[in-house]
Amino acid sequence: MKTQPSRANRSLPNRINHADHFAEVIESEGYSQGSIDKYRSNAQALREALVSAKLTPADLTDELMDQLARPIVDAASAKDKKHCLYRLNRFRDYLIENASAPARPIPPLDMSPRAVLKREYETYLRVQRGLSEDTIYHCLRFYDRFLTAKFGTGLGDLNKIKPDDITGFILRLREAQNAPRDKTGPSHLRNLFQFLFWSGKTERNLSSAVPKARQPKPTGIPRYLEPEQVNRLIEVVRGHKKTGRRNYAMLMLIARLGLRPPEVTAIELNDIDWRAGEILIRGKRQLHDRMPMSAEIGEAIVDYIKNERRGPDRALFVSVKPPFKRFKDAQILRWILRDAYDATGISPPQAYIGTHILRHSLATDMLRKGASLTEIGDVLRHRSAMNTTIYAQHDVDALRSISRPWPTAEEVR
């Protein structure tokens, strides 16, 4: 009859110093020596705690992890406690993958009516509407905010939602945000009520009851920068020691190709066809376009990849901090442009510092050089020709380039 191994024998695998192996993984991700030492120290402390208790990584349950990690975190400085816990959890993930530590338990699926409806709504947004992950995230946030305002933590009778409930919610939102022209909230709510009607959860389509955000009528060509100012902003970012090549290439893609910020951060290494001189653009509504890549842009990207970019992530543009991951959103471009304004002394043409100013500047410069609205729309990848007319509100000839001939009497018949 087989006998169970003694507890002493089960502790033998701890003789393998997983803390040192883990430190090697951290080093391969490009962390500084100081950070590597902290990871190794915390991992070694957890390993020693396991050995002292005559346990193996296979015993490292949630409860035991909390018990062993607590004194290690308590011994850390007040400033480092949060980071210490993060490092310990990363070591636990390493042990799960490499030392037979038990996987983290999967939390039970919330089967409450509200949670089930939320998952259905998420599927609708992703599959039926084809929205981006960022937009889905914000739609789900407004799902929770509105239903909490109406029903509290649960889910009441959806058919009892009235237009006054929607209007009241929007008004409270406006008061809290002090942003009467923000149209994102109403847009996300329309998505919600369209889903509720589409899925048969409500008898009426309340999306039409969502008030529209007050938007000022455009009074002229959007604000823009002169070509010389754009060039100064792009050039000044090259001087940064750690991020100059990356930031220069990112701004070039906006200023020369008219890309939107999320399109820049979404570019993958495989999206560039070097032989054809083209780049795949992952645009709005999951639409993809191929655009020609000028030699100027290609050289900037090559310079960045060869001399500055690090890490295994397949995104083209990544953080300069280990482990060199892709950006979660496109806010990095706004910060880059803000710093460029400060460095050059150029005054932003509007209070809000947004990178769309580079798209507007490109379109305005093209218009001045004689490009038609159709050509400008192709470069900016507008799906509707009417979106391009804001650049030619005082240019009658340009407006004629997209106007349709007036129907004759024979055509009307």
Side-chain angles (χ1 to χ4, degrees), residues 18-43 80 82-84 86-94 97-98 133-134 233-257 259 261-275 277-282 293-340 343 355:
H18 289 293
D20 285 341
H21 294 168
F22 174 61
E24 292 174 3
V25 172
I26 296 300
E27 182 178 8
S28 71
E29 293 180 353
Y31 282 85
S32 67
Q33 189 58 51
S35 295
I36 296 170
D37 292 342
K38 289 180 180 179
Y39 273 101
R40 178 186 283 108
S41 175
N42 291 150
D80 194 48
K82 182 178 179 181
H83 300 290
C84 178
Y86 174 77
R87 291 191 288 266
L88 287 171
N89 278 314
R90 282 206 62 184
F91 181 48
R92 183 188 178 188
D93 291 336
Y94 167 86
E97 185 174 348
N98 298 280
E133 293 302 315
D134 188 56
L233 291 171
I234 295 175
E235 287 295 330
V236 77
V237 304
R238 303 181 78 170
H240 196 283
K241 184 177 180 181
K242 291 184 178 181
T243 62
R245 292 180 173 89
R246 183 199 68 189
N247 296 351
Y248 174 73
M250 293 174 83
L251 289 188
M252 282 284 290
L253 286 166
I254 300 178
R256 301 292 190 255
L257 290 185
L259 268 60
E263 294 169 346
V264 173
T265 55
I267 297 174
E268 304 274 336
L269 289 170
N270 294 340
D271 291 340
I272 303 176
D273 187 339
W274 296 104
R275 184 180 295 275
E278 294 180 341
I279 186 168
L280 178 69
I281 307 302
R282 303 169 189 271
M293 182 174 59
S294 66
E296 183 183 29
I297 293 175
E299 290 170 1
I301 293 175
V302 169
D303 186 30
Y304 162 63
I305 292 175
K306 284 186 174 181
N307 300 300
E308 197 174 271
R309 188 187 182 280
R310 298 178 66 186
D313 201 301
R314 298 306 297 170
L316 172 60
F317 298 109
V318 296
S319 170
V320 294
K321 295 181 179 180
F324 310 110
K325 292 185 177 180
R326 67 184 63 212
F327 299 107
K328 292 182 179 179
D329 54 44
Q331 283 298 312
I332 180 67
L333 282 157
R334 183 168 175 256
W335 300 335
I336 292 170
L337 187 60
R338 179 197 59 193
D339 292 343
T355 51

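Residues Glu308 and Arg245 approach most closely at OE1-N, 3.1 Å, considering heavy atoms. Nearest heavy atoms, Asp271 versus Ala266: OD2-O, 4.0 Å. Closest of all the heavy-atom pairs between Val236 and Ala343 is CG2-CB, 3.6 Å. The nearest pair of heavy atoms linking Asp313 to Phe324 is CB-O, 3.8 Å. Between Leu316 and Arg309, the closest heavy-atom pair is O-NE, 3.0 Å. The heavy-atom pair separating Ser319 from Arg246 by the smallest distance is CA-NH1, 3.9 Å.
Separation of atoms CD1 (Ile234) and CG (Asn247) is listed at 12.0 Å; rounding is to 0.5 Å. Once rounded to the nearest 0.5 Å, the distance linking CG of Asp329 with CD of Glu133 reads 14.0 Å. Separating the OG1 atom in Thr355 from the CD1 atom in Ile332 is a distance of 11.5 Å, to the nearest 0.5 Å. Separation of atoms CG (Asn42) and CG (Leu88) is listed at 5.0 Å; rounding is to 0.5 Å. For the atom pair CD1 (Ile279) and CG (Leu259), the distance works out to 7.0 Å, reported to the nearest 0.5 Å. Considering CD1 of Ile297 and CG of Leu257, their distance stands at 3.5 Å, rounded to 0.5 Å.
Taking Arg238 as the reference, Glu235 meet the salt bridge (charged side-chain N to carboxylate O under 4.0 Å, His left out) condition, with sequence neighbours excluded.
The pair Arg90-Asp93 does not meet the salt-bridge criterion, since no charged nitrogen lies less than 4.0 angstrom from a carboxylate oxygen. Contact check on Asp80 versus Arg87 returns a salt bridge, with a Lys/Arg side-chain nitrogen under 4.0 Å from an Asp/Glu carboxylate oxygen. Using a 4.0 Å cut-off between a side-chain N of Lys or Arg and a carboxylate O of Asp or Glu, Glu268 and Arg326 qualify as a salt bridge.
A donor-acceptor contact shorter than 3.5 Å is absent between the side chain of Ser41 and the backbone of Lys38.
Between Arg40 and Asp20 the shortest side-chain heavy-atom distance falls below 4.5 Å. For the pair Leu269/Ile305, a side-chain contact is recorded, criterion being any heavy-atom separation below 4.5 Å from C-beta on. In this structure, the side chains of Leu233 and Leu337 come closer than 4.5 Å at one or more pairs of heavy atoms. Using a 4.5 Å heavy-atom threshold, the side chains of Asn98 and His21 count as separate. Using a 4.5 Å heavy-atom cutoff, the side chains of Leu280 and Glu278 are not in contact. In this structure, the side chains of Phe317 and Leu333 stay at 4.5 Å or more apart for every pair of heavy atoms.
Annotation: Gln331, atom CD; neighbour count of heavy atoms from other residues, nucleotides and ligands within 6.0 Å is above 12.
Partner of Tyr39 under the ring-ring contact (aromatic ring centres under 6.0 Å, His included) criterion, out of Tyr94, Phe91, Tyr31: Tyr31 alone.
Ring to ring, Tyr304 and Tyr248 are not that close: their centroids are 6.0 angstrom or more apart.
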